[in-house]
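Data first, discussion second: the structure below is written as C-alpha coordinates.
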Amino acid sequence: MAQKTVLIVYAHQSGGSFNSAVKDVAVEALRQQGYEVVVSDLYAMNFKASATMEDITGEVKNPEHFKYGEETMQAWKEGRLSDDIIAEQRKVEAAELVIFQFPMYWFSVPAIMKGWIDRVLSQGFAFSLQKMYSNGIFKDKKAMLSFTTGSMQTMYRPDGLNGDINVTLWPLQNGVLHFCGFQVLAPQVFWCPGHSPPANRTAMLDGWRARLKTLLVERPLTFAPCELFDLTFPGGFMLRPEVMEEQRTRPHGITTGHHLGKPLPPDNQLKAEG
Ligand SMILES: Cc1cc2nc3c(=O)[nH]c(=O)nc-3n(C[C@H](O)[C@H](O)[C@H](O)COP(=O)(O)OP(=O)(O)OC[C@H]3O[C@@H](n4cnc5c(N)ncnc54)[C@H](O)[C@@H]3O)c2cc1C
(Lines give C-alpha, C1' and ligand atoms only; values in the text may rest on other atoms or scores of the structure.)
Protein backbone atom coordinates (compact mmCIF):
# COMPACT_ATOMS: atom_id res chain seq x y z
CA MET A 1 0.00 0.00 0.00
CA ALA A 2 1.28 3.49 -0.85
CA GLN A 3 2.56 5.53 2.06
CA LYS A 4 0.01 8.03 3.33
CA THR A 5 0.94 11.62 2.63
CA VAL A 6 0.38 14.97 4.30
CA LEU A 7 1.02 18.15 2.35
CA ILE A 8 1.97 21.29 4.28
CA VAL A 9 1.53 24.46 2.25
CA TYR A 10 3.74 26.83 4.20
CA ALA A 11 4.13 30.60 3.90
CA HIS A 12 6.67 32.36 6.08
CA GLN A 13 9.77 34.22 4.99
CA SER A 14 11.94 33.24 7.98
CA GLY A 15 13.32 29.96 9.26
CA GLY A 16 13.57 31.57 12.74
CA SER A 17 9.86 32.36 12.90
CA PHE A 18 7.23 30.82 15.11
CA ASN A 19 5.46 29.59 11.98
CA SER A 20 8.61 27.74 11.01
CA ALA A 21 8.72 26.10 14.46
CA VAL A 22 5.04 25.10 14.13
CA LYS A 23 5.71 23.61 10.70
CA ASP A 24 8.73 21.68 12.01
CA VAL A 25 6.68 20.22 14.87
CA ALA A 26 4.11 18.95 12.36
CA VAL A 27 6.73 17.49 10.03
CA GLU A 28 8.42 15.64 12.89
CA ALA A 29 5.23 14.38 14.56
CA LEU A 30 3.62 13.18 11.33
CA ARG A 31 6.79 11.47 10.10
CA GLN A 32 6.99 9.65 13.44
CA GLN A 33 3.50 8.32 12.68
CA GLY A 34 4.72 6.95 9.35
CA TYR A 35 3.37 9.69 7.10
CA GLU A 36 5.28 11.02 4.17
CA VAL A 37 5.24 14.78 4.76
CA VAL A 38 5.68 17.06 1.76
CA VAL A 39 6.28 20.76 2.43
CA SER A 40 5.62 23.40 -0.20
CA ASP A 41 7.70 26.26 1.22
CA LEU A 42 6.16 28.99 -0.92
CA TYR A 43 8.65 31.84 -0.28
CA ALA A 44 11.63 29.50 -0.67
CA MET A 45 10.10 28.30 -3.95
CA ASN A 46 9.49 31.92 -4.99
CA PHE A 47 6.01 30.67 -5.83
CA LYS A 48 4.27 32.88 -8.38
CA ALA A 49 1.24 34.49 -6.75
CA SER A 50 -0.45 36.14 -9.71
CA ALA A 51 -2.99 34.32 -11.88
CA THR A 52 -1.94 35.22 -15.43
CA MET A 53 -1.83 33.96 -19.01
CA GLU A 54 1.66 32.58 -18.34
CA ASP A 55 0.00 29.81 -16.30
CA ILE A 56 -0.95 28.18 -19.59
CA THR A 57 1.51 26.48 -21.89
CA GLY A 58 0.89 27.15 -25.56
CA GLU A 59 -1.89 29.20 -27.16
CA VAL A 60 -4.68 30.70 -25.10
CA LYS A 61 -8.13 30.62 -26.68
CA ASN A 62 -8.97 34.31 -26.37
CA PRO A 63 -5.97 36.59 -25.69
CA GLU A 64 -8.09 39.75 -26.30
CA HIS A 65 -10.48 38.94 -23.48
CA PHE A 66 -8.55 36.46 -21.37
CA LYS A 67 -10.78 34.62 -18.87
CA TYR A 68 -8.51 32.94 -16.33
CA GLY A 69 -11.07 30.41 -15.06
CA GLU A 70 -12.22 29.21 -18.47
CA GLU A 71 -8.75 29.14 -20.01
CA THR A 72 -7.16 27.26 -17.10
CA MET A 73 -9.99 24.72 -17.05
CA GLN A 74 -9.37 24.02 -20.75
CA ALA A 75 -5.61 23.91 -20.19
CA TRP A 76 -6.09 21.51 -17.26
CA LYS A 77 -8.13 19.18 -19.50
CA GLU A 78 -5.42 19.30 -22.15
CA GLY A 79 -2.50 18.98 -19.71
CA ARG A 80 -1.29 22.49 -20.58
CA LEU A 81 -1.08 24.16 -17.17
CA SER A 82 2.36 25.46 -16.22
CA ASP A 83 4.79 23.04 -14.57
CA ASP A 84 4.69 24.72 -11.15
CA ILE A 85 0.89 24.37 -10.99
CA ILE A 86 0.96 20.74 -12.15
CA ALA A 87 3.60 19.89 -9.54
CA GLU A 88 1.42 21.32 -6.74
CA GLN A 89 -1.71 19.60 -8.09
CA ARG A 90 0.10 16.25 -7.97
CA LYS A 91 1.00 16.91 -4.33
CA VAL A 92 -2.66 17.65 -3.51
CA GLU A 93 -3.78 14.49 -5.32
CA ALA A 94 -1.38 12.38 -3.27
CA ALA A 95 -2.27 13.96 0.08
CA GLU A 96 -4.73 12.61 2.61
CA LEU A 97 -4.49 15.89 4.52
CA VAL A 98 -3.44 19.38 3.44
CA ILE A 99 -2.31 21.76 6.19
CA PHE A 100 -2.07 25.47 5.37
CA GLN A 101 0.54 26.98 7.73
CA PHE A 102 0.74 30.78 7.76
CA PRO A 103 0.72 34.03 9.74
CA MET A 104 -2.65 35.72 9.42
CA TYR A 105 -2.38 38.69 7.04
CA TRP A 106 -5.33 41.08 6.79
CA PHE A 107 -7.78 38.53 8.24
CA SER A 108 -6.69 36.05 5.59
CA VAL A 109 -3.66 34.23 4.16
CA PRO A 110 -0.50 35.98 2.89
CA ALA A 111 -0.67 36.92 -0.80
CA ILE A 112 1.73 34.17 -1.83
CA MET A 113 -0.61 31.57 -0.30
CA LYS A 114 -3.65 33.20 -1.88
CA GLY A 115 -1.78 32.85 -5.17
CA TRP A 116 -1.31 29.15 -4.50
CA ILE A 117 -5.07 28.86 -3.87
CA ASP A 118 -5.97 30.87 -6.99
CA ARG A 119 -3.62 28.97 -9.28
CA VAL A 120 -3.49 25.40 -7.92
CA LEU A 121 -7.15 24.88 -6.99
CA SER A 122 -8.22 25.44 -10.58
CA GLN A 123 -11.59 24.65 -12.12
CA GLY A 124 -11.77 21.05 -13.27
CA PHE A 125 -8.97 19.97 -10.95
CA ALA A 126 -10.45 21.19 -7.66
CA PHE A 127 -14.11 21.90 -8.39
CA SER A 128 -16.73 21.97 -11.10
CA LEU A 129 -20.24 23.31 -11.26
CA GLN A 130 -21.50 19.79 -10.48
CA LYS A 131 -18.86 18.97 -7.89
CA MET A 132 -18.66 21.45 -5.07
CA TYR A 133 -19.14 21.68 -1.30
CA SER A 134 -20.32 18.34 0.15
CA ASN A 135 -20.35 16.86 -3.39
CA GLY A 136 -16.87 18.29 -3.98
CA ILE A 137 -13.92 16.69 -5.71
CA PHE A 138 -11.79 16.36 -2.56
CA LYS A 139 -14.51 14.94 -0.29
CA ASP A 140 -12.28 12.00 0.68
CA LYS A 141 -9.46 14.33 1.76
CA LYS A 142 -8.99 16.56 4.78
CA ALA A 143 -7.64 20.08 5.01
CA MET A 144 -7.08 22.59 7.77
CA LEU A 145 -5.74 26.03 8.60
CA SER A 146 -2.91 26.37 11.09
CA PHE A 147 -1.99 29.98 11.72
CA THR A 148 -0.56 32.59 14.02
CA THR A 149 -2.11 35.95 14.80
CA GLY A 150 -0.73 39.31 15.83
CA SER A 151 -3.82 40.04 17.90
CA MET A 152 -4.77 38.52 21.25
CA GLN A 153 -7.50 35.88 21.41
CA THR A 154 -9.90 38.24 23.22
CA MET A 155 -9.74 40.64 20.26
CA TYR A 156 -11.31 37.92 18.09
CA ARG A 157 -14.30 37.36 20.33
CA PRO A 158 -17.75 38.51 19.16
CA ASP A 159 -17.38 41.40 21.63
CA GLY A 160 -13.66 41.97 20.91
CA LEU A 161 -12.14 44.72 18.80
CA ASN A 162 -11.58 42.56 15.68
CA GLY A 163 -14.91 40.77 15.87
CA ASP A 164 -15.79 37.09 15.83
CA ILE A 165 -13.01 34.79 14.54
CA ASN A 166 -15.74 32.43 13.27
CA VAL A 167 -16.71 35.14 10.79
CA THR A 168 -13.06 35.77 9.84
CA LEU A 169 -12.50 32.09 9.06
CA TRP A 170 -15.69 31.50 7.07
CA PRO A 171 -14.38 32.65 3.64
CA LEU A 172 -11.29 30.41 3.79
CA GLN A 173 -12.86 27.41 5.47
CA ASN A 174 -16.18 27.42 3.63
CA GLY A 175 -15.38 29.39 0.48
CA VAL A 176 -12.09 27.62 -0.33
CA LEU A 177 -11.64 24.35 1.57
CA HIS A 178 -15.20 23.11 1.93
CA PHE A 179 -16.06 24.45 -1.54
CA CYS A 180 -13.49 22.03 -2.99
CA GLY A 181 -15.07 19.26 -0.93
CA PHE A 182 -12.38 18.90 1.72
CA GLN A 183 -13.45 17.71 5.14
CA VAL A 184 -12.27 20.71 7.14
CA LEU A 185 -10.56 19.97 10.43
CA ALA A 186 -10.77 22.54 13.21
CA PRO A 187 -8.19 25.26 12.76
CA GLN A 188 -5.07 25.34 14.92
CA VAL A 189 -4.77 28.91 16.11
CA PHE A 190 -1.61 30.23 17.77
CA TRP A 191 -2.79 33.44 19.38
CA CYS A 192 -0.30 36.26 19.38
CA PRO A 193 3.02 34.40 19.77
CA GLY A 194 4.91 37.66 19.23
CA HIS A 195 3.66 39.06 22.54
CA SER A 196 3.53 35.85 24.54
CA PRO A 197 6.11 34.86 27.14
CA PRO A 198 8.52 32.10 26.04
CA ALA A 199 6.83 29.54 28.32
CA ASN A 200 3.46 30.18 26.61
CA ARG A 201 5.02 29.74 23.19
CA THR A 202 6.54 26.44 24.27
CA ALA A 203 3.14 25.37 25.64
CA MET A 204 1.50 26.27 22.30
CA LEU A 205 3.97 24.06 20.42
CA ASP A 206 3.44 21.24 22.94
CA GLY A 207 -0.33 21.54 22.47
CA TRP A 208 0.07 21.25 18.70
CA ARG A 209 2.38 18.24 19.10
CA ALA A 210 -0.24 16.54 21.29
CA ARG A 211 -3.06 17.30 18.85
CA LEU A 212 -1.07 15.89 15.93
CA LYS A 213 -1.15 12.43 17.53
CA THR A 214 -4.85 12.05 16.70
CA LEU A 215 -5.33 14.77 14.10
CA LEU A 216 -6.13 12.42 11.25
CA VAL A 217 -9.01 10.79 13.13
CA GLU A 218 -10.65 14.01 14.29
CA ARG A 219 -14.20 14.76 13.28
CA PRO A 220 -14.40 17.64 10.83
CA LEU A 221 -16.29 20.91 11.25
CA THR A 222 -19.94 21.04 10.25
CA PHE A 223 -21.06 22.77 7.08
CA ALA A 224 -24.45 22.85 5.39
CA PRO A 225 -24.65 19.82 3.09
CA CYS A 226 -25.78 20.26 -0.52
CA GLU A 227 -28.92 18.17 0.14
CA LEU A 228 -30.39 21.07 2.13
CA PHE A 229 -30.51 23.22 -1.01
CA ASP A 230 -32.56 23.16 -4.19
CA LEU A 231 -29.69 22.87 -6.63
CA THR A 232 -31.63 23.98 -9.70
CA PHE A 233 -31.66 27.33 -11.44
CA PRO A 234 -35.38 27.89 -10.79
CA GLY A 235 -34.72 26.95 -7.15
CA GLY A 236 -31.96 29.56 -7.03
CA PHE A 237 -29.64 27.23 -5.07
CA MET A 238 -31.52 28.25 -1.92
CA LEU A 239 -32.47 26.22 1.15
CA ARG A 240 -35.43 23.97 0.35
CA PRO A 241 -38.73 25.25 1.84
CA GLU A 242 -39.11 22.19 4.11
CA VAL A 243 -35.60 22.79 5.47
CA MET A 244 -36.45 26.43 6.16
CA GLU A 245 -39.57 25.26 7.99
CA GLU A 246 -37.60 22.74 10.02
CA GLN A 247 -35.03 25.40 10.93
CA ARG A 248 -37.64 27.96 11.95
CA THR A 249 -37.82 26.97 15.63
CA ARG A 250 -34.13 26.23 16.11
CA PRO A 251 -32.29 28.73 18.34
CA HIS A 252 -29.21 29.09 16.11
CA GLY A 253 -28.48 29.37 12.41
CA ILE A 254 -27.15 26.35 10.52
CA THR A 255 -23.58 27.61 10.13
CA THR A 256 -21.69 30.89 10.44
CA GLY A 257 -22.68 31.85 6.89
CA HIS A 258 -26.14 30.25 6.86
CA HIS A 259 -27.18 32.06 10.01
CA LEU A 260 -30.76 32.71 8.82
CA GLY A 261 -30.75 35.94 10.82
CA LYS A 262 -30.32 34.04 14.10
CA PRO A 263 -27.41 33.76 16.57
CA LEU A 264 -24.46 31.88 15.05
CA PRO A 265 -24.02 28.28 16.15
CA PRO A 266 -21.34 28.67 18.84
CA ASP A 267 -17.76 28.23 17.58
CA ASN A 268 -19.03 26.75 14.30
CA GLN A 269 -15.71 27.48 12.57
CA LEU A 270 -13.49 26.57 15.53
CA LYS A 271 -14.73 23.22 16.83
CA ALA A 272 -16.34 20.08 15.50
CA GLU A 273 -19.91 19.57 16.75
CA GLY A 274 -20.59 17.55 19.92
C1 LIG B 1 0.89 42.31 6.14
C2 LIG B 1 0.49 41.87 7.51
C3 LIG B 1 -0.84 41.73 7.82
C4 LIG B 1 -1.23 41.28 9.08
N5 LIG B 1 -2.56 41.13 9.34
C6 LIG B 1 -2.97 40.63 10.52
C7 LIG B 1 -4.34 40.42 10.81
O8 LIG B 1 -5.23 40.64 9.99
N9 LIG B 1 -4.68 39.91 12.02
C10 LIG B 1 -3.75 39.63 12.98
O11 LIG B 1 -4.12 39.17 14.07
N12 LIG B 1 -2.42 39.83 12.74
C13 LIG B 1 -2.01 40.31 11.54
N14 LIG B 1 -0.68 40.48 11.28
C15 LIG B 1 0.31 40.05 12.31
C16 LIG B 1 0.86 38.65 12.00
O17 LIG B 1 -0.20 37.72 11.89
C18 LIG B 1 1.84 38.21 13.09
O19 LIG B 1 2.94 39.07 13.03
C20 LIG B 1 2.28 36.77 12.88
O21 LIG B 1 1.17 35.91 12.97
C22 LIG B 1 3.31 36.34 13.91
O23 LIG B 1 3.79 35.05 13.56
P24 LIG B 1 5.33 34.82 13.21
O25 LIG B 1 5.57 33.38 12.92
O26 LIG B 1 5.77 35.79 12.16
O27 LIG B 1 5.96 35.21 14.61
P28 LIG B 1 7.49 35.51 14.97
O29 LIG B 1 7.62 36.99 15.20
O30 LIG B 1 8.40 34.86 14.00
O31 LIG B 1 7.61 34.72 16.33
C32 LIG B 1 7.04 35.14 17.54
C33 LIG B 1 8.02 34.77 18.64
O34 LIG B 1 8.19 33.36 18.70
C35 LIG B 1 9.60 33.07 18.84
N36 LIG B 1 9.91 31.70 18.39
C37 LIG B 1 10.38 31.28 17.19
N38 LIG B 1 10.60 29.94 17.22
C39 LIG B 1 10.26 29.52 18.47
C40 LIG B 1 10.27 28.25 19.12
N41 LIG B 1 10.69 27.17 18.51
N42 LIG B 1 9.84 28.17 20.40
C43 LIG B 1 9.40 29.29 21.05
N44 LIG B 1 9.40 30.52 20.50
C45 LIG B 1 9.82 30.64 19.22
C46 LIG B 1 10.26 34.17 18.02
O47 LIG B 1 11.61 34.31 18.35
C48 LIG B 1 9.43 35.37 18.43
O49 LIG B 1 9.87 35.90 19.64
C50 LIG B 1 -0.26 40.96 10.05
C51 LIG B 1 1.11 41.12 9.74
C52 LIG B 1 1.48 41.57 8.50
C53 LIG B 1 2.94 41.72 8.18
Side-chain angles (χ1 to χ4, degrees), residues 6-33 37-51 98-119 143-177 184-213 215 221 256-257 264 267-271:
V6 174
L7 170 62
I8 304 179
V9 184
Y10 165 69
H12 201 288
Q13 305 87 343
S14 169
S17 67
F18 194 74
N19 269 270
S20 177
V22 172
K23 178 255 300 168
D24 289 345
V25 165
V27 171
E28 191 192 336
L30 292 165
R31 283 193 182 145
Q32 273 172 8
Q33 292 174 43
V37 185
V38 176
V39 179
S40 285
D41 183 343
L42 301 182
Y43 289 107
M45 293 157 73
N46 199 16
F47 192 80
K48 176 175 173 281
S50 53
V98 182
I99 301 176
F100 291 84
Q101 181 62 54
F102 59 96
M104 178 178 275
Y105 276 10
W106 295 113
F107 278 31
S108 185
V109 294
I112 199 164
M113 185 173 275
K114 180 58 166 47
W116 187 99
I117 291 168
D118 289 350
R119 297 177 65 235
M144 68 177 288
L145 307 179
S146 172
F147 62 94
T148 54
T149 66
S151 304
M152 297 178 297
Q153 184 169 11
T154 50
M155 292 169 73
Y156 282 103
R157 285 169 33 155
D159 54 351
L161 184 63
N162 291 343
D164 191 341
I165 188 74
N166 289 280
V167 175
T168 311
L169 295 178
W170 176 256
L172 286 170
Q173 294 193 152
N174 182 68
V176 178
L177 303 182
V184 185
L185 299 182
Q188 181 73 20
V189 191
F190 300 90
W191 301 104
C192 193
H195 298 280
S196 300
N200 290 22
R201 293 198 299 264
T202 305
M204 284 192 242
L205 293 174
D206 288 344
W208 177 220
R209 199 174 284 110
R211 184 180 174 196
L212 281 156
K213 288 185 183 148
L215 184 67
L221 300 176
T256 298
L264 304 185
D267 286 342
N268 173 252
Q269 292 297 293
L270 284 182
K271 290 183 186 156

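Counting starts at 1 for both ligands and their atoms, in listed order. This structure is a prediction, so every number in the text was calculated from the model and none was measured.
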CE-OH distance between M113 and Y105, expressed to the nearest 0.5 angstrom: 11.0 Å
Inter-residue atom distance I165.CD1 - T149.OG1, 0.5 Å rounding: 7.5 Å
Rounded distance [0.5 Å steps], CZ in F100 versus CG in L42: 9.5 Å
Chi angles and distances behind the ring-ring contact (aromatic ring centres under 6.0 Å, His included) call for F107, Y156: CA-CA 10 Å; F107 278 31; Y156 282 103; 5.7 Å; yes
Straight-line distance of N19 CG to F147 CZ, nearest 0.5 Å: 10.5 Å
Test item: side-chain donor near acceptor, N166 and T256, under 3.5 Å: no
First-shell residues of ligand 1 [heavy atom, distance under 4.0 Å]: H12, G16, S17, F18, N19, A21, P103, M104, Y105, W106, F107, T148, T149, G150, S151, Y156, P193, G194, R201, L205
